[in-house]
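Order of the sequence lines sets the chain letters (A, B, ...), proteins ahead of strands, with each chain counted from 1.
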Protein chains: 2
Amino acid sequence: METITSARLGEALEVDPSQVRKDFAAIGLMGMSRIGYDACEVCSTIRRVVGFDLSYPAALVGAGMLGSAILGYTEFERYGFRVVAAFDRDPFKVGRRIGGRTIMPSTELGGFVEKHHIPLAILTTPAEAAQELTDTLVAAGVAAIWNFTSVRLTVPPGVLVRNERFTAGLAEIAYHLSRPELSEAAHAPTSRMT
Amino acid sequence: METITSARLGEALEVDPSQVRKDFAAIGLMGMSRIGYDACEVCSTIRRVVGFDLSYPAALVGAGMLGSAILGYTEFERYGFRVVAAFDRDPFKVGRRIGGRTIMPSTELGGFVEKHHIPLAILTTPAEAAQELTDTLVAAGVAAIWNFTSVRLTVPPGVLVRNERFTAGLAEIAYHLSRPELSEAAHAPTSRMT
DNA sequence: TAGATTGTTAATCGATTAACAATC
DNA sequence: TAGATTGTTAATCGATTAACAATC
C-alpha cells in the first residue's frame, strides 16, 4: 500500500503539517501512526468530498473562441461534469458541430435546460448578452453559472455564480512586475542591462 | 465631483466598511468627512497600485483554441499588458495570422523573449510541452508565467507562476451542487419534480 | 448647529501553528 | 523497545469587526 505523511503533503502544498492532519480529520480521513495516510484513500475521499466523482450535465452558452476551446476540452468528466449541449445566437454557427456537439440556437436554451434539468451553465458570451441569458437560465432552473464574461451577474439567492475573471490573474502579475525587488535576475519592467 | 462612501463600497463588495477604509488608508487614499471618497481618485489609485496603468509586453506560447481566444481578446491594454507575439511548434500554424499577430515558430521563442525583454509569457500549450517551454522562457529571462496548462510548473525563486486552473472553479461548483441544501428552487443533482 | 462620515484604535473572531500524549 | 507519526488540544498570530473621537 502506498502511503503519504502529513509532513510530505504539507511540504508539497506549502502548508503546515498540522493543517493537513486537521483537514483530513475533518473529512473523515484517518491516518496510521508511524505510517501516514493511505494515498488511494486520500485521493478518493477528496474527490468524493469535492464532488468530482459525480457527473452533472452542463450547457455551454456562447460558442465563440473561448466557448469552442471549452467544448474541445475532454477532461471535464474527471471533474464532475459533462457538456451535453452548446448554444449560440448566431444563425451561421447554429447547426455546426464543435467538439462533437451540434450548436443549438439560443432561443431553445431555456426549454432545453428546463427539460433536461441542467444544473450548470457555462457562460462564454459577449458581455452585452450575459445578463439576459442569465435571466433565462435562472428561470429555467439552473443551480450554478460558470461565468467567463466580464459582467457582474445578478442572480437570486441560491444560484451560485463562479466568476472566472482574467483580471484577477493580471492584477497579481502586474503587481509583481511593478515591484522589481520581488523578481531577481529577471527582466526589469522598463529596461534591462544585458 | 462624484463621491462614494465606504458604506456603499462595502455593500457592493460584501465586506465591512471598516475594511474599505483601512485598505484605502493603506494605499494612501484619503476620504472626506461627511462626504466619502473621490470616485475618480479611488479608481486611479487602485489601478496604479495594482499596476494596471503600466504596459508590459507579453508573449503567447501555444496558439491552440485557448491561445487563439486570448489573442482575440482586446482588453489586455486596460490591465497592464499587450500581447506582442505568439508562438507555436506546429509548422502548419506558423506564419498564419491570429488576432493581428503572425504565429512564430517555438524555436524562436527564447531568442525573441531575450531580445525584446519580454517579462511575461502566457502559456497555453498542451501539457507535455509546458515544462520544457517554461525552462526556455526562464532561461530567456521572463519574470512571470501565466499558466493555463494543467501542469504544476517548476521555476526558480523570483519567477512568478500564476496558475489559471479550471479545476478550482469546477470544484467550487461541484461542491455546491452536491449539497442540495445550498440551492433552493433549482435543479437538484439527480432528479427534480416539475 | 446637527449629522454623517472618516481614520484609527481596541475588541473580537477565526485560522494557523505549536505542542504533546497516544499509538503502533 | 525506540522512534516516527497521528489526532487533538492549547497557544499564537493575524485578520476582521466594532467603536468612537475628530472632522467638516
Point to revise | Nearest-Å distance for atom pair CE/C1', residues A:M30 and D:dG7 | key: 7 Å

Using the 3.5 Å cut-off, write out each protein N or O paired with an N or O of nucleotides 13-17 of chain C and the distance between them.
residue	atom	partner	partner atom	Å
C:dT16	OP2	A:Q19	OE1	3.1

Review point. Are B:F52 and B:Y79 near enough that their ring centres are under 6.0 Å apart?
Key: yes

Practice item. Please report, rounded to the nearest Å, how far the P atom of C:dT8 is from the CZ atom of B:F24. Key: 15 Å

Revision key, fill the gap. Atom CG of A:L9 and atom P of D:dT5 are separated, to the nearest Å, by 12 Å

Point to revise | DNA chain C-proximal residues of residues 36-46 of chain A, any heavy atom under 4.0 Å | key: none

Exercise for review: Answer yes or no: is there a donor N or O on one side and an acceptor on the other, between the side chain of A:H116 and the main chain of A:F112, under 3.5 Å?
Suggested key: yes

Where do N or O atoms of nucleotides 22-24 of chain C meet protein N or O atoms at under 3.5 Å, pair by pair?
residue	atom	partner	partner atom	Å
C:dT23	O2	A:S33	OG	3.2
C:dC24	O2	A:R34	NE	3.1

Could you go through residues 84-102 of chain A and list every donor-acceptor pair under 3.5 Å that involves a side-chain atom there, pairing it with any protein atom two or more places apart or in another chain?
residue	atom	partner	partner atom	Å
A:D88	OD1	A:D90	N	2.9
A:D88	OD2	A:A63	N	2.7
A:D90	OD1	A:F92	N	2.8
A:R96	NE	A:F92	O	3.2
A:R97	NH1	A:T102	OG1	2.8
A:R97	NH2	A:G100	O	2.8
A:R101	NE	A:G99	O	3.3
A:R101	NH1	A:V83	O	2.9
A:R101	NH2	A:L71	O	2.6
A:R101	NH2	A:G99	O	2.9

Check your understanding: Is the count of non-hydrogen atoms from other residues, nucleotides or ligands lying under 6.0 Å from A:E75 atom CD greater than 12?
Key -> yes

Point to revise | A:F148: ring pair (Phe, Tyr, Trp, His ring centres under 6.0 Å) partners, not counting sequence neighbours | key: A:W146, B:F166

Point to revise | Heavy atoms of other groups near A:E108 CD, more than 12 under 6.0 Å | key: yes

Practice item. Please report, rounded to the nearest Å, how far the P atom of C:dG7 is from the CE atom of B:M32. Key: 9 Å

Point to revise | Cationic N near anionic O, under 4.0 Å, B:E77 to B:R82 | key: no

Practice item. Would you kindly give the CZ-to-C1' distance between A:R8 and D:dT5, to the nearest whole Å? Key: 14 Å

Revision key, fill the gap. On a heavy-atom basis, the closest approach of A:M32 and A:T3 is CE-CG2, 4.3 Å

Check your understanding: Where is the tightest heavy-atom contact between B:T45 and B:I27, given as atom of each residue plus distance?
Key -> CG2-O, 3.7 Å

Practice item. Could you give me the stems involving DNA chain D, meaning stretches of three or more consecutive Watson-Crick or G-U wobble pairs whose two defining distances are both below 3.5 Å? Key: C:3-24 with D:3-24

Practice item. For atom CD of B:E128, decide whether the heavy atoms of other residues, nucleotides or ligands shown that lie under 6.0 angstrom number more than 12. Key: yes

Review point. Taking only side-chain nitrogens and oxygens of A:R21, does any of them come within less than 4.0 Å of OP1 or OP2 of D:dG7?
Key: no

Point to revise | Residues B:R8 and B:E11 bridged, charged N to O under 4.0 Å | key: no

Practice item. Output the distance between atom OG (B:S150) and atom CG (B:N163), rounded to the nearest 0.5 Å. Key: 10.0 Å

Review point. Taking the six-membered ring where the residue is Trp, are the ring centres of A:Y56 and A:F81 under 6.0 Å apart?
Key: yes

